[in-house]
Amino acid sequence: MTNEGPTLHDGSACTKHLATMEQSLILLESGGKEIDHAVVNRLLQATRAMRAVASQCQLAQVRHLAQRTERALAPLGAGRETPAPERVTALLRAIDTLRAMIDDPDSGDAAELAEVMRALDRRPRPAGWRFRALLVEDDFTGRLLLQTFLSRYGDCHLAVNGREAVAAFRAALEKDQPYDLICMDIMMPEMDGGDAVRAIRALEEERGILPDRGAKIVMTTAVNDLKEVMRCFHRLCDEYLVKPIDLAQLLGYLKEYELVAQS
């Protein structure tokens, strides 16, 4: 008789892990601003165990959602975040989705699952929070336009070429003050925007910054630079804007990235 390995219905391990996660979240929410670290640890352990079971059973979607749930819980474990009501709601919704996927692995709705994951990835911002932006542009007029517009919403630093941009990004990481947004021109002296973006993403990777947690990078380009943009667009930058820059479109990206509030 062959051993087919574990399945999600072997015993009640998954049900117990999910129940522990749910109960722990409710306890955290009812505790107010004081974080009970014993409860947090129990929650994290249950989430990791849930992910391990899903990996054993080779259910990629369940494992992926459990992994995203664990990542969303990381700030609680590090004591950097109190469980805001909207955060608890997103986590409880993820638990409900995991439970449904375990009951029927083929029942998952792709659009609903994507929305659950987006809700998990949303990072609560403290009151008065302003994003940190690095504006990389060798043209004075272009720098002034971006700085004037973006300064309404965040704190802007300037660089005139790719080499300066990489140095500024490295220094910000070393101070634990990473940039949330980078507007990167393509054609610049000393180091062009494409090489600078590759170096910036390499720095993030060295420090273990996950791709969806890194800086949002918007490439700014003249029309004849589009081929270079597309070479690195899918893996390295998030959006691109063709000059002259449409500020309304840029603001739309900021809202989509949740760097500014939806109006």
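These values consider heavy atoms only, across backbone and side chains, with no hydrogens, waters or symmetry-generated copies.
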Open item on the list: Tell me if a side-chain donor or acceptor on D238 pairs with a main-chain N or O of I217 at a distance below 3.5 Å.
Closed with: yes
Open item on the list: As an exercise, state the distance from CD of E239 to OG1 of T220, rounded to the nearest 0.5 Å.
Closed with: 13.0 Å
Open item on the list: I need the T221 OG1 to D185 CG distance, nearest 0.5 Å.
Closed with: 7.0 Å
Task: Residues D96, R99: salt bridge by 4.0 Å N-O rule - done: yes
Open item on the list: Applying side-chain contact (heavy atoms from CB on, under 4.5 Å) to I26 and Q23, what does each step give before you reach the verdict?
Closed with: CA-CA 5 Å; I26 292 169; Q23 292 164 6; 5.9 Å; no
TODO: Just jot down the side-chain hydrogen bond (donor to acceptor under 3.5 Å, both in side chains) partners of E164, sequence neighbours excluded, or say none.
DONE: none
Task: Cluster link M187 to Y240, ILVMFWY, side chain under 4.5 Å - done: yes
Task: L150 and L254: CA distance, side-chain angles, deciding distance, side-chain contact (heavy atoms from CB on, under 4.5 Å) verdict - done: CA-CA 10 Å; L150 290 174; L254 298 182; 3.6 Å; yes
Open item on the list: side-chain contact (heavy atoms from CB on, under 4.5 Å) for K216 and Y253? Distances and angles first, verdict last.
Closed with: CA-CA 10 Å; K216 297 300 181 184; Y253 291 151; over 6 Å; no
Task: Y153: partners by ring pair (Phe, Tyr, Trp, His ring centres under 6.0 Å), with sequence neighbours left out - done: F149
Task: Worked check of side-chain contact (heavy atoms from CB on, under 4.5 Å) between L158 and L146 - done: CA-CA 10 Å; L158 306 177; L146 284 171; over 6 Å; no
Task: For R163, all residues meeting salt bridge (Lys or Arg N to Asp or Glu O under 4.0 Å), sequence neighbours excluded - done: E190
Task: Side-chain touch M188/V160, heavy atoms, less than 4.5 angstrom - done: no
Open item on the list: As an exercise, state the distance from CG of L145 to SG of C183, rounded to the nearest 0.5 Å.
Closed with: 10.0 Å
Task: Partner residues of D139 under the side-chain contact (heavy atoms from CB on, under 4.5 Å) criterion, sequence neighbours left out - done: E137, T141
Open item on the list: I'd like to check the side-chain contact (heavy atoms from CB on, under 4.5 Å) partners of R132; sequence neighbours left out, ordered by chain and number.
Closed with: H157, A172, Q177, Y179, D180
- [ ] Could you check if a side-chain atom of D138 sits within less than 4.5 angstrom of a side-chain atom of N161, using non-hydrogen atoms only?
- [x] no
Task: Shared hydrophobic cluster for Y257 and W129 (ILVMFWY, side-chain gaps under 4.5 Å) - done: yes
Task: Closest heavy-atom pair and its distance - L259, F131 - done: O-CD2, 3.6 Å
Open item on the list: Check whether E204 reaches the backbone of A215 with its side chain - one donor and one acceptor, N or O, closer than 3.5 Å.
Closed with: yes
TODO: Just jot down the side-chain hydrogen bond (donor to acceptor under 3.5 Å, both in side chains) partners of D246, sequence neighbours excluded, or say none.
DONE: none
Task: Close side-chain approach of V218 and L241, heavy atoms under 4.5 Å - done: yes
Task: Check: E174 main-chain N/O paired with R207 side-chain donor or acceptor under 3.5 Å - done: no
Open item on the list: If you define the side chain from C-beta out and look only at heavy atoms, does anything of M21 sit under 4.5 Å from L91?
Closed with: no
